[in-house]
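Read the structure below first, then the notes.
If you're wondering where the values come from, they're calculated on a predicted model, not measured in any experiment.
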Amino acid sequence: MDNNNTKAHQEKKIGRYLITAALPYANGLKHIGHLAGAYLPADIYVRYLKAQKRDVVFVCGSDEHGTAIPIQAMKEGTTAQAIIDKYHPIIEQNFKDLGIAFDIYHRTSAPLHHETAQEFFSVLNNKGDLEIKESEQFYDEATNTFLADRYIKGTCPVCGNNNAYGDQCEKCGSTLSPEMLINPVSTLSGNAPIKKATKHWYLPLNRHEDFLREWILKEHKDDWRSTVVGQCKSWIDGGLQARAVTRDLDWGIRLPLTEGKEQHTVDRLPLTEGMDSETVNGKQLTETTTTTAVTQSDAGKVLYVWFDAPIGYISATKQWAIDNDKDWKPYWNAPDTKLVHFIGKDNIVFHCIIFPVMLKLYGDILPTNVPANEFMNLEGDKMSTSRGWSIEMDDYINDWIKKDNGGESMADVLRYYLTQIAPETKDSEFTWKGFQDANNSELVNIFGNLVNRTFVLMHKLCSGKVPVFSNDIIDDTDKQLIIDIKQSTQKVTALLEAYKFRDALFEVIDLARKGNKYMQDKEPWMVAKRQTVDGILSPEGKKSIDNCLHLCLQLTANLTILINPFLPFTASKLCRMMKVVDRMLEWKNAGKIDLLKVGYSLREPQLLFRKIENEEIDTQLLKLREKSAWVNSKTETSTSMEEVTVNEIAPVAPEIVFDDFAKIDLRVGTIIAAEKVPKADKLLKLSVDLGFEIRTIVSGIALHFAPEDIVGKQVTVVVNLAPRKMRGIDSNGMILMAEDTQGKLHFINPEQDISNGASVK
RNA sequence: CGCGAGGUAGAGCAGCGGUAGCUCGUCGGGCUCAUAACCCGAAGGUCAUAGGUUCGAACCCUAUCCUCGCAACCA
């Protein structure tokens, strides 16, 4: 009770809602995991708020910058602009087909977004909220460009794969930085990149640690999901770093030039003892002299995509306001606005830590909640577009919705199942069998059937009209159903307000279940038989039947309102059957039992959902396996082809002096033991006798050699390589390997056995 | 390694100090208006493991094991 009052009180203070769903990255199709993670819960929440007649705007749009887009363009042999122009409309249409009703679906390539992001950057920069640092980064002289991590390839220091990217080795999964690659090569020219100094703007998150601790870990400790608070705590405790805001890249939003003279902001303040690294009057002490002005020399820089993407929510709101002749500002400025970000868990850091810091600095409101979902697995494995283990929204639409196969109601079936298994508190799993079960036993058998038998009976026994309800013969069963309708409405409302969509949906279905039970208890078909004598139904029998069907019809109307946020297409269908207008769907009508007027004639029933047969899900399972196999064979061919290319053009590494070479201590050793490292596909744990000691070395060669085959072999070892931990095992050195054009590895060993520990020169 | 989340009936999940619960599936029964539907009943769990706190623990504490995730723009 107390809780309800507080809630009601808080609701009163909310002037308007701004709901965002994560901006999908326009480098490819999006799968149903994305849908379940962000778009569907957001849509349900928005539809509910709109039924409540609240002032709400639902924004989203394509995220079209960043390095992955030009890379995708390279893959498809086209331009970055062509990529986004291809995927943006497809994604937008997919959402529409699945009933995700954004008020605006914008895109970050729009000029309005560029202006908005640039202005945002300028405001922060002019206030001194950004830091500037110079660092050395890889640069390709042939193409005159700084290289993003993804544009650098080389040999992985962990597993020896010579196609590792500058940020990660896709073979062994290690996280890398370009500096760690052996023989780095620019993917643009094939040349070895050089190091060159470059200047970048940084967002000093470390300055805001106190604010974040207070705001997330204290204020929102209880009303945000524990997974969200937990992850934020993890990151904050891990130490917040300044994050680069700018990048040397061609594709993205140009830095806005500062007008007029350069402003020199000298941040060099005297470092007093005992005051190190803390702030003085809110100003960070640094020893660097910074020039915050953006000049012509910075023309080649763009905003890092993480900085511009969330601003996309703001520019989308602006565009919506223009289109609808509204004012966008209160949605981002007014304290009585409730801002809610719907995202997946991989986005928590951006929406709970980074973007809020940006908003606070800019002077905007902060999100009220960030109900992030965990991940949804698929048939026992992680969903992954690159491995072909996914169901794209586009595929689902083509297979189930468009093909005269159930039509729009199949969109609702997907919405139903994805909500029912929504990963709200932990990872969950999509299976086609589960999909079939949810549809057949809950939507068809319980919900659809209740509606259908109600309508059929009403046409048979009540001549197709809403019968009268006689209060004089009301019994406990009737009363209980009326109470159930009211209670379910309250529960569903409370659950929706708390972002518990899975539970809310269960409650709706449960009400339908109660309806079936009610009808079973009343058995009007039996009454009709028993009370009919000589073809004439007794007045008592008629009354009993009328009461039952009257309530069942009112229940159907209530179910229509309650199911509407989840299954909008079904709700419309029900409205047509009941011949009511959309206004009946307003939430304030839920719980009432006079929604359908007595005497009103209703349409013939049509089935709301169809059964899904075993063959259909078998087809889908087969399709998934085939797609995955096809994608994997394709990528394997393409990488091995690339490997060959890289091998052929792999240039000689930059010249080094003798001293550099002399730093490397190479010795001959003998492998005396080898075993597979558990839970690592590619790693072998080797014991190598170096004469003077026995070393443990972890090497990424398990795919090339069986442990028992290599024991006793002599190998060449880099013995003074810094130790590195892999899978929890310290590796003290590196075995030298030669790779042939087929990608096969060979040991480098002396012509004939020599003593262990012998130096290699 | 560390951090975060989780490990509860065949499957999927809820419960987070007081007699183990829900949905689906399985088995038996009832009913026939309904898309072989609906209704009722039953079987099925030493709540990951081991200690501890407590009158009492799935729930709190400690340790261990296992799964997933962790600032790459992949919700």
Side-chain angles (χ1 to χ4, degrees), chain A residues 21-25 27-28 30-41 63 65-69 149-150 165-168 175-176 205 225-235 237-238 240-241 243 304-306 309 342-350 353-354 372-377 382-386 390 420-421 423 425-429 431 433-434 437-438 440-442 444-446 448-461 502-503 506 509-510 513 515-521 523-526 528-529 549 605 607-611 725 727-728 730:
Chain A
L23 303 187
Y25 199 53
N27 68 336
K30 299 295 132 184
H31 56 64
I32 56 172
H34 298 110
L35 184 64
Y39 310 103
L40 184 52
D63 175 7
H65 297 129
T67 55
I69 303 261
D149 294 353
R150 274 264 147 180
Y165 288 103
D167 55 351
Q168 181 198 39
T175 304
L176 306 173
L205 293 172
R225 289 184 180 166
S226 64
T227 48
V228 174
V229 176
Q231 279 215 35
C232 291
K233 184 175 184 306
S234 171
W235 282 311
D237 288 346
L240 295 165
Q241 309 282 323
R243 255 187 98 89
Y304 211 147
V305 65
W306 66 258
F342 284 87
I343 56 167
K345 70 173 160 186
D346 57 330
N347 246 326
I348 289 175
V349 67
F350 292 104
I353 293 184
I354 298 173
N373 271 348
E374 302 291 292
F375 282 147
M376 183 175 285
N377 296 322
K382 258 174 76 173
M383 258 193 241
S384 156
T385 311
S386 57
S390 63
Q420 197 225 40
I421 60 165
T425 53
K426 57 184 168 188
D427 289 358
S428 68
E429 177 147 339
T431 61
K433 184 80 178 71
D437 282 347
N440 290 358
S441 59
E442 289 167 35
V444 176
N445 292 355
I446 294 172
N449 187 48
L450 171 68
V451 172
N452 192 45
R453 66 201 295 214
T454 298
F455 266 71
V456 169
L457 274 178
M458 183 263 304
H459 276 93
K460 278 189 184 169
L461 303 176
R502 199 177 53 193
D503 293 347
F506 175 85
I509 297 300
D510 205 45
R513 212 172 263 127
N516 276 319
K517 183 165 160 44
Y518 169 78
M519 200 180 259
Q520 186 73 26
D521 291 343
E523 48 183 15
W525 54 90
M526 288 304 286
K529 269 187 192 166
L549 286 168
L607 297 181
L608 294 176
F609 306 102
R610 68 169 185 87
K611 283 237 149 147
K725 218 164 217 177
R727 285 278 162 192
D730 273 319

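Partner assigned to G6(B) is C66(B), using Watson-Crick or G-U wobble distances below 3.5 angstrom. Under the Watson-Crick and G-U wobble criteria, each requiring two contacts below 3.5 Å, nucleotide A43(B) is left unpaired. Pairing partner, C60(B): G52(B), with both Watson-Crick or wobble hydrogen-bond distances short of 3.5 Å. Remark: C31(B) base-pairs with no nucleotide in the shown strands. Criterion, Watson-Crick or G-U wobble with two distances under 3.5 Å. Summarising the base pairing, C73(B) is matched to no nucleotide, lacking a Watson-Crick or G-U wobble pair whose two defining distances lie under 3.5 Å.
When every heavy atom of I353(A) is checked against every heavy atom of L240(A), the shortest pair comes out as CG2-CD2, 4.2 Å.
Residue contacts for L608(A): at a heavy-atom cut-off of 4.0 Å it reaches a base atom on one of the strands shown. Heavy atoms of N27(A) sit under 4.0 angstrom from primed sugar atoms or phosphate atoms, though from no base atom. H31(A) comes within contact range of at least one nucleobase, with a heavy-atom separation under 4.0 Å. Residue M376(A) is in base contact, counting any heavy-atom pair closer than 4.0 Å across all strands shown. Residue contacts shown for R513(A) are limited to sugar-phosphate atoms, with no base heavy atom under 4.0 Å away. Within 4.0 Å of Y25(A), counting heavy atoms only, lie sugar-phosphate atoms of the nucleic acid but no base atom. Backbone-only engagement by I343(A) is indicated by non-hydrogen atom pairs under 4.0 Å involving sugar-phosphate atoms exclusively. Within 4.0 Å (heavy atoms only), F455(A) reaches no atom of the nucleic acid at all. Across all strands, E442(A) comes closer than 4.0 Å only to sugar-phosphate atoms, never to a base (heavy-atom distances). Across all strands, G448(A) comes closer than 4.0 Å to base atoms (heavy-atom distances). The residue D437(A) sits close only to the backbone: its heavy atoms come under 4.0 Å of sugar-phosphate atoms, none of a base. Among the atoms of the strands shown, only primed sugar atoms or phosphate atoms (P, OP1, OP2) are found under 4.0 Å from some heavy atom of V456(A).
The side chain of K345(A) approaches C68(B) more closely than any other nucleotide in the set C39(B), C68(B), C24(B). Comparing C24(B), C73(B), C39(B) by their nearest atom to the side chain of Y304(A) picks out C73(B). Closest approach to the Q520(A) side chain among C31(B), C73(B), C68(B) is made by C31(B) (side chain taken as heavy atoms from C-beta onward). Residue F506(A) places its side chain closer to C22(B) than to any other of C40(B), C31(B), C22(B).
For the OP1/OP2 pair of C3(B) and a distance below 4.0 Å, the side-chain nitrogens and oxygens of K233(A) include no atom meeting the criterion. In this model, the phosphate group of C38(B) is approached by a side-chain N or O of N445(A) to a distance below 4.0 Å at OP1 or OP2. Listed pair K611(A) / A36(B) fails the phosphate criterion, with no side-chain N or O lying under 4.0 Å from OP1 or OP2.
Rounding to whole angstrom units, CD1 of residue I69(A) and P of C73(B) are separated by 11 Å.
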